[in-house]
There are 2 protein chains.
Amino acid sequence: MIKPDIVFVANLAGVSPATVSRVMNHPDLVHPATRKKVELAIEKSGYIRNRAAQAMHGKRSATIGLVVPTVANTIFAEVVQAFNDTVSEQGFTLLLASHGYDLDAEYRLVRKLLEHRVDALAVVGLDHSAGTFRLIAEQRVPLLALWNYLPDSALPCIGVDNREAGRMAAEHLIALGHRRIGMVFPTTFDNDRARDRKTAATAVFRAAGIVLQDRWQVEVPYSIAQAKAACLELLAGKDRPSALLCANDVIAQGAIYAAARLGIAIPASLSVIGIGDFAGSAQMEPALTTVRIPAQKLGATAGREIITMIGKSDPNYMVHSRIELELIMRSSTAIAVELSESIV
Amino acid sequence: MIKPDIVFVANLAGVSPATVSRVMNHPDLVHPATRKKVELAIEKSGYIRNRAAQAMHGKRSATIGLVVPTVANTIFAEVVQAFNDTVSEQGFTLLLASHGYDLDAEYRLVRKLLEHRVDALAVVGLDHSAGTFRLIAEQRVPLLALWNYLPDSALPCIGVDNREAGRMAAEHLIALGHRRIGMVFPTTFDNDRARDRKTAATAVFRAAGIVLQDRWQVEVPYSIAQAKAACLELLAGKDRPSALLCANDVIAQGAIYAAARLGIAIPASLSVIGIGDFAGSAQMEPALTTVRIPAQKLGATAGREIITMIGKSDPNYMVHSRIELELIMRSSTAIAVELSESIV
DNA sequence: GAATTTAATGAAAACAGTTGCAAGACTGTT
DNA sequence: AACAGTCTTGCAACTGTTTTCATTAAATTC
């Protein structure tokens, strides 16, 4: 038995292929009775339309490409999920690619996605190789930058202002009276999220006259294990900071576990703040104080936005959408030890 | 400036479209000198081949469909990542779909993926609607079940034996002398993973003459928050179990936080075991004892396997691959309180 | 009841490639 | 130098659908 195509269905229904096509794409153009017949024939033959053939016609491929650094870390998983749910509801399918924080790999992936003629492309962050940008511009595919918001970015973007996130976290620690501050961040080389957070936080501290001790600044990759290991070292000696500003909740989680292992009481003798508010951060003991990035909302909004972008024919359509951050005070931060002692 | 197609490239290189096509698909059939010319023309014109047109020819679409319940929970994220990495290396692109544990939604998603003429499909678990199976059989698309291993399943599968996972966890608790045992599981209705684990564990306990108290068996969805909430209730009174067998590490994490909140010492007065060994489980304080499911390996092996399936023309090609489980003893389990007291 | 719209359908030309076939260009042999 | 055999390459048919245009049937108007 051969796989039924549109001609097969047409014969079965006693109509022309054109009509079958119309039933699927412009049902209102065909007479209800005929439509019924055709729908029956589709049902009966087990016909599944061929999107590839449809896409060939310059029509929508009904796919959206999403390129993320990784999907394994909770951070992006939630956004991917929400994004997927949203576009899926509108009939789009997600083509997923992940490059493991390697911008050259990203170029190749974007190329591959363009071969599949995705209707639009979403990427994480605003840092991308020139080649990637050229490629996308040439193909005139709508491109949306996720995760990061910059009011004046050349790219349409929708996300949070990472500078503000850094600022909020820093200000919270300052407000609590901390001056001996450590920062735990991933490499900021080609990661604009981390970079923005770090520079903003640093600026706030500097403005407050706080000197950031080099020995309390560490660089760790994106993993609980490595964050914990690094913090174990950082917190081992007597001479340790009173507060840790972590680039994100994953790292903060590592920091908290390190403290637990060392018997350092949080928040009594060490404050830890993260950024992100990932699943589980609220449930930790102690519950993590953090700057919430509403992943759900971000992904969903991005999904909606990219679909409007596909709708517009204007290739220069711009959008800069800022998702609000929120400081979530929980139990991992408290008034600085020195200060609290002097108060007592 | 118009988007270059294969004809454009052909003219630029001074050859026929057929030759350009061959350069891309059967490079060995064309003279090295011509090949160079064509490659240059491709480069120069910024040509990006159209996979849709290629797929129309009954050729590979170079895509693989992956259907998961959700990508937001760490559990699947790691597998998705490894799977994607592996198939991506071989030139395939992943079409991702998630159904949120709804098998009817799954049917629709599978249909959508088939419309895109994926070269193969991977799904999670062995429980699927009859419609889904029919659909896939009709289309003769290779189908691989991930995550779950059953030696006699009708579907090619690659994963772990969840019954064994349940058994191992149960036996570990028994070996430690626990008899007052609670189980925290998600709904087992249409989730074969959870069901297999639970029934196997239950059987082991029964065989050991242990009576499972109804009041210590709880059903919670897949979330740290809800697991924690449920366990807070379960562990509140005096009359509580000495050990908790959790369906997975996410739930176990919730259980551990609940205990921490209630001031119950782990493992001194409560043992907790999970299943999965997700990222972070090793770093928790106390570190979680668990049955490791090597997600990385599972995803990668599945990726390799599905590609061989695509290679074979035999639609009945079968594979049942079992990924080994391993009990990882860490600090969240210890000898049962009653027993340890009597020993002292 | 004829003339004019309007609605419903079909025929055929795209779309962007791939491939079987055949012809022309080489190579090596006698 | 003629012949057979092998390499390269182009022609043209084909893939499954959509869409424009034309045609016919039905509905509306006068």
Checklist entry - Okay, side chain of B/Lys312, backbone of B/Tyr317: is any donor-acceptor separation there less than 3.5 Å? => result no
Checklist entry - At under 4.0 Å between heavy atoms, what does B/Val15 touch on the DNA or RNA strands: base, sugar-phosphate, or nothing? => result sugar-phosphate
Next on the checklist: Does A/Arg49 reach a base, just sugar-phosphate, or nothing at all? Heavy atoms under 4.0 Å.
Outcome noted: sugar-phosphate
Item to check | B/Ser321 and B/Glu305: side chain donor to acceptor below 3.5 Å | outcome: no
Next on the checklist: Looking at the base of C/dA14, is there any donor atom on it, or on the side chain of A/His57, that sits under 3.5 Å from an acceptor on the other one?
Outcome noted: yes
Checklist outcome for this item: Closest of C/dC15, C/dG17, D/dT17 to the A/Tyr47 side chain is D/dT17
Checklist entry - What is the ring orientation for A/Phe76 with A/Tyr101, classed by angle as parallel under 30°, tilted 30 to 60°, or perpendicular over 60°? => result tilted
Checklist entry - Hey, does A/His31 reach any base, or is it just sugar-phosphate, or nothing, if we go heavy atoms under 4.0 Å? => result sugar-phosphate
Next on the checklist: Distance check needed: D/dT18 P versus A/Met24 CE, whole Å only.
Outcome noted: 6 Å
Checklist entry - Quick one: on DNA chain C, does B/Asn50 or B/Arg22 contact a more 5' nucleotide (nearest heavy atom)? => result B/Asn50
Checklist entry - From the list C/dT19, D/dT19, D/dT17, which nucleotide is the closest neighbour of the side chain of B/Lys59? => result C/dT19
Next on the checklist: So if I take every side-chain heavy atom of B/Ser16 and compare against C/dT18, C/dG10, D/dC11, which nucleotide ends up nearest?
Outcome noted: D/dC11
Checklist entry - Do B/Asp192 and B/Asn148 have a side chain donor and acceptor closer than 3.5 Å? => result yes
Item to check | Nucleotide nearest B/Arg117 when distance is taken to its side chain, options D/dC11, C/dG17, D/dT17 | outcome: D/dT17
Checklist entry - At under 4.0 Å between heavy atoms, what does B/Thr19 touch on the DNA or RNA strands: base, sugar-phosphate, or nothing? => result sugar-phosphate
Item to check | Which residue lies more 5' along DNA chain C, comparing A/Asp28 with A/Pro17 via nearest heavy atoms | outcome: A/Asp28
